[in-house]
Enquirer: 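Structure below; questions to follow.
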There are 4 protein chains.
Amino acid sequence: MPGIGDNLKAELKAVIERIERLEEQKKLIADDIKEVYAEAKSAGFDTKILRKVITARKKSAEERAEEAAILETYLAALGDLADTPLGRAAVERDGF
Amino acid sequence: MPGIGDNLKAELKAVIERIERLEEQKKLIADDIKEVYAEAKSAGFDTKILRKVITARKKSAEERAEEAAILETYLAALGDLADTPLGRAAVERDGF
Amino acid sequence: MPGIGDNLKAELKAVIERIERLEEQKKLIADDIKEVYAEAKSAGFDTKILRKVITARKKSAEERAEEAAILETYLAALGDLADTPLGRAAVERDGF
Amino acid sequence: MPGIGDNLKAELKAVIERIERLEEQKKLIADDIKEVYAEAKSAGFDTKILRKVITARKKSAEERAEEAAILETYLAALGDLADTPLGRAAVERDGF
DNA sequence: ATTGATCACACCTTGC
DNA sequence: GCAAGGTGTGATCAAT
């Protein structure tokens with residue numbers, strides 16, 4: 001019973017396999033992370049605190065990224081401004 | 001100001017960097033998975049069904065693993081029994 | 001000191017009591033389960049194997065439920081398709 | 001092939017069914033609890049806080065039970081003491 | 001008694 | 001904004 005469904009079936013199969021393959025890899029890495037935490041615990045670290053540190057650093061990184069994005073927006077605006085004499089003067093005065 | 005905490009600090013730093021590196025990799029893979037779902041959606045697949053299929057297949061795999069574990073446990077128990085003449089007789093009669 | 005908060009307070013009290021009553025019942029059942037395991041152990045059963053069997057059976061049930069859910073979703077999707085002449089033709093040809 | 005294993009099999013079946021029946025009941029109650037939380041949420045309560053309250057009350061109850069147990073131990077000791085004239089005097093004086 | 005593993009529960013993020 | 005899935009945490013149970 002070959003039909004138009006065959007292509008769909010093959011596509012579907014491919015999609016599912018790609019996802020399952022990726023999830024497998026993801027799981028391997030997640031297991032690695034658990035292992036690192038386990039080792040750290042054996043070495044006397046408090047994993048709960050450790051996790052908090054990681055989370056805090058992630059938040060900081062996000063904030064930095066946010067700030068960088070804002071800065072970039074400013075710079076882009078200044079770039080436009082820089083095309084005018086008035087803008088160029090402002091840029092120079094403010095040290096950009 | 002070198003002190004007794006320096007080794008700990010270095011260790012801690014190493015641990016955190018290992019974890020952050022792994023989490024970064026994990027995120028990359030998670031993003032890949034999202035991308036595959038997005039592509040599949042564009043190709044006309046219903047991602048809701050897709051996800052259900054994936055989880056169902058995962059469950060199947062887990063169940064098979066579970067059953068294999070039970071079988072192994074059974075066999076280990078039978079192996080112990082098999083070390084005694086009485087046990088061997090029982091095992092044979094019951095078709096194991 | 002009757003005030004506007006009184007209704008809320010009464011509601012809150014009722015909610016908390018309902019939950020605590022249910023959790024109490026839940027705990028009683030959990031204790032019953034423990035007791036059954038203890039009895040089984042006394043009767044010579046290996047509780048470890050017992051638990052594995054129970055969980056495997058649970059997984060089977062879950063998987064069946066999951067598959068039923070997928071089937072339902074499929075059928076719903078097909079039901080939508082079936083509302084169009086083109087869809088109906090495809091559905092019939094592919095044996096649904 | 002009737003054998004000595006048949007009784008075991010029947011017993012095993014009975015045990016498994018009892019446990020599964022109890023776990024089913026437990027799940028029903030757990031679902032009831034979820035439902036109460038859901039209703040509470042609809043009524044405008046913050047379920048997170050609600051859970052904290054429940055937990056805190058549970059802890060208090062445990063503490064009270066603990067204290068009651070200690071009290072009981074004391075009372076038992078006093079009961080023994082009460083069998084002696086000296087003990088009885090102490091009990092009376094301290095208001096037990 | 002303690003420790004390690006297993007499991008249910010609660011929280012939180014993500015997709016819809 | 002809600003529903004769902006993944007993740008972290010706490011409790012429970014076996015083994016030493």
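Here is the naming used below: chain letters follow the sequence lines, and residue numbers restart at 1 for every chain. Only a predicted model underlies this, so the values are computations on that prediction, with no experimental measurement involved.
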Enquirer: Taking CD1 from C/Ile33 and P from E/dA8, how many angstroms apart are they, rounded to a whole number?
Expert: 10 Å

Enquirer: Does a side-chain heavy-atom distance below 4.5 Å link C/Glu20 with C/Ile16?
Expert: yes

Enquirer: Are any non-hydrogen side-chain atoms of B/Tyr37 and B/Ile54 less than 4.5 angstrom apart?
Expert: yes

Enquirer: By nearest nucleotide on DNA chain F, pick out whichever of C/Tyr37 and B/Thr55 is the more 5' one.
Expert: B/Thr55

Enquirer: Does C/Lys26 put a side-chain nitrogen or oxygen below 4.0 Å from OP1 or OP2 of E/dC9?
Expert: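 For E/dC9, OP1 or OP2 has a side-chain N or O of C/Lys26 closer than 4.0 Å.
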
Enquirer: I need the CD-P distance between A/Glu35 and F/dG8, as an integer number of Å.
Expert: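 Those two atoms, CD and P, are 15 Å apart.
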
Enquirer: Determine the contact category for C/Lys52: base if any of its heavy atoms lies under 4.0 Å from a base atom, sugar-phosphate if only primed atoms, P, OP1 or OP2 are that close, otherwise nothing.
Expert: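 The residue C/Lys52 makes no contact with any strand.
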
Enquirer: Can you identify which nucleotide, out of E/dC16, F/dG8, F/dC13, has its nearest atom closest to the A/Arg51 side chain?
Expert: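 The nucleotide sitting nearest to the side chain is F/dG8.
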
Enquirer: May I ask you to say whether C/Lys13 pairs ionically with C/Glu17, meaning some side-chain N is under 4.0 Å from a carboxylate O?
Expert: yes

Enquirer: Under 4.5 Å between any side-chain heavy atoms of A/Lys27 and A/Asp31, yes or no?
Expert: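 Touching, per the 4.5 Å side-chain cut-off.
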
Enquirer: Starting at the 5' end of DNA chain F and moving along, which residue's nearest nucleotide shows up first, A/Thr47 or A/Glu23?
Expert: A/Glu23

Enquirer: Can you tabulate the close N/O pairs, meaning under 3.5 Å, that link protein atoms to atoms of nucleotides 10-12 of chain F?
Expert:
{"residue": "F/dG10", "atom": "OP1", "partner": "A/Lys48", "partner atom": "NZ", "Å": "3.4"}

Enquirer: Output the rounded distance in Å from CG (B/Leu50) to C1' (E/dT14).
Expert: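 So the two atoms are 16 Å apart, to the nearest Å.
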
Enquirer: Checking side chain to side chain donor-acceptor pair (under 3.5 Å) against C/Ser60, which of B/Lys59, B/Glu63, B/Glu66 comes through?
Expert: B/Glu63

Enquirer: From CD of D/Glu24 over to C1' of E/dA8, roughly how many Å is that when rounded to an integer?
Expert: 18 Å

Enquirer: To the nearest angstrom, how far is B/Arg57 atom CZ from F/dG5 atom C1'?
Expert: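 Computing the B/Arg57:CZ to F/dG5:C1' distance gives 19 Å.
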
Enquirer: Measure from CG on B/Asp46 to P on E/dG15 and round the result to the nearest Å.
Expert: 16 Å

